[in-house]
Amino acid sequence: MATQQISDSELELMKIVWASGGTALYAQIMEELAKAGRTWQKNTVITLLSRLVDKGLLKTSKIGRRNQYAALVTQADYQTAQARTLLNKLYQGSAKGLVATLIQGELLSPADYEELKQYWEESQP
C-alpha cells in the first residue's frame with residue numbers, strides 16, 4: 001500500500017480525525033486544535049484538509065451546511081506504510097538493521113525488548 005507523504009501539520013489533522021473514530025466535523029477539528037494550543041487560521045486549516053482530500057487520505061461530505069471529514073486510511077495502515085518507507089529509505093528494507101540501530105543508540109530499552117519479545121511470541125501461530 002503506497003501512502004502519500006504528508007506534512008507534520010497534515011499529520012496533526014489526521015490524528016484528530018483518527019482520534020475521533022475516523023470522522024470529524026470541521027468544527028470538531030478546530031476545537032481540538034484550540035485545545036492543543038494551535039491558533040491556525042481558518043483558511044490554513046481548510047487548505048490542509050483540502051490537500052489531505054487531494055492526496056486520498058480524507059474524503060469530505062456535507063451534513064447540512066457543515067463539512068465532515070472521513071479518513072480513507074486507518075492510522076495503523078498509515079503507520080505501516082510510513083515504517084516501510086523508512087525501512088526502505090534508510091535500511092534497504094532491513095527491519096533487523098533498524099532494530100540494531102535502536103539498540104546501539106540506546107533507543108530500545110531492555111524492558112522494551114522484553115515487551116517486544118513477548119508480543120512476538122504471543123503473535124506467532
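- Under the rule for a side chain to side chain contact (heavy atoms under 4.5 Å, CB included), the partners of T80 that lie at least two apart in sequence or sit in another chain are R84.
- Among residues two or more places apart in sequence or in another chain, the side-chain hydrogen bond (donor to acceptor under 3.5 Å, both in side chains) test is passed with Q118 by E122.
- Going from atom CG of L11 over to atom CD1 of I6 covers 4.5 Å, rounded to the nearest 0.5 Å.
- Chaining together hydrophobic side chains whose heavy atoms lie under 4.5 Å apart places L107 alongside L86, L87, L90, Y91, L98, V99, L102, I103, L108, L116.
- Residues satisfying the side-chain hydrogen bond (donor to acceptor under 3.5 Å, both in side chains) test with S109, not counting sequence neighbours, are D112.
- Within the structure, no pair that satisfies the side chain to side chain donor-acceptor pair (under 3.5 Å) test touches residues 43-53, not counting sequence neighbours.
- Every side-chain hydrogen bond (donor to acceptor under 3.5 Å, both in side chains) that E12 has, sequence neighbours left out, goes to R38.
- Under the ring-ring contact (aromatic ring centres under 6.0 Å, His included) criterion, no residue pair touches residues 102-125, with sequence neighbours excluded.
- For the side-chain hydrogen bond (donor to acceptor under 3.5 Å, both in side chains) test, no residue two or more places apart in sequence or in another chain qualifies with K42.
- Taking CG of D77 as the reference point, atom CG of L72 lies at 11.5 Å (rounded to 0.5 Å).
- Listed by chain and residue number, E10 satisfy the salt bridge (charged side-chain N to carboxylate O under 4.0 Å, His left out) test with K55 (two or more places apart in sequence, or in another chain).
- The number of heavy atoms from other shown groups lying within 6.0 Å of CD (E106) does not exceed 12.
- Around CD of Q75, the count of heavy atoms belonging to other residues, nucleotides or ligands within 6.0 Å exceeds 12.
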Throw together a table of side-chain donor-acceptor distances under 3.5 angstrom for residues 17-37, partners on residues two or more places apart or in other chains.
unit_1, atom_1, unit_2, atom_2, d
W18, NE1, V73, O, 2.9
S20, OG, I16, O, 2.9
Q28, OE1, L25, N, 2.6
E32, OE2, K35, NZ, 3.2

Evaluation steps, side chain to side chain contact (heavy atoms under 4.5 Å, CB included), between W40 and L48: CA-CA 11 Å; W40 294 349; L48 292 170; 3.9 Å; yes
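- No more than 12 heavy atoms of other residues, nucleotides or ligands sit less than 6.0 Å from atom CD of Q41.
- In this structure, the separation between CG on L13 and OG on S7 is 8.0 Å, given to the nearest 0.5 Å.
- Here R66 pairs with nothing under the salt bridge (charged side-chain N to carboxylate O under 4.0 Å, His left out) rule; sequence neighbours left out.
- When side chains are defined from C-beta on, K62 counts as touching N67, because their heavy atoms get closer than 4.5 Å.
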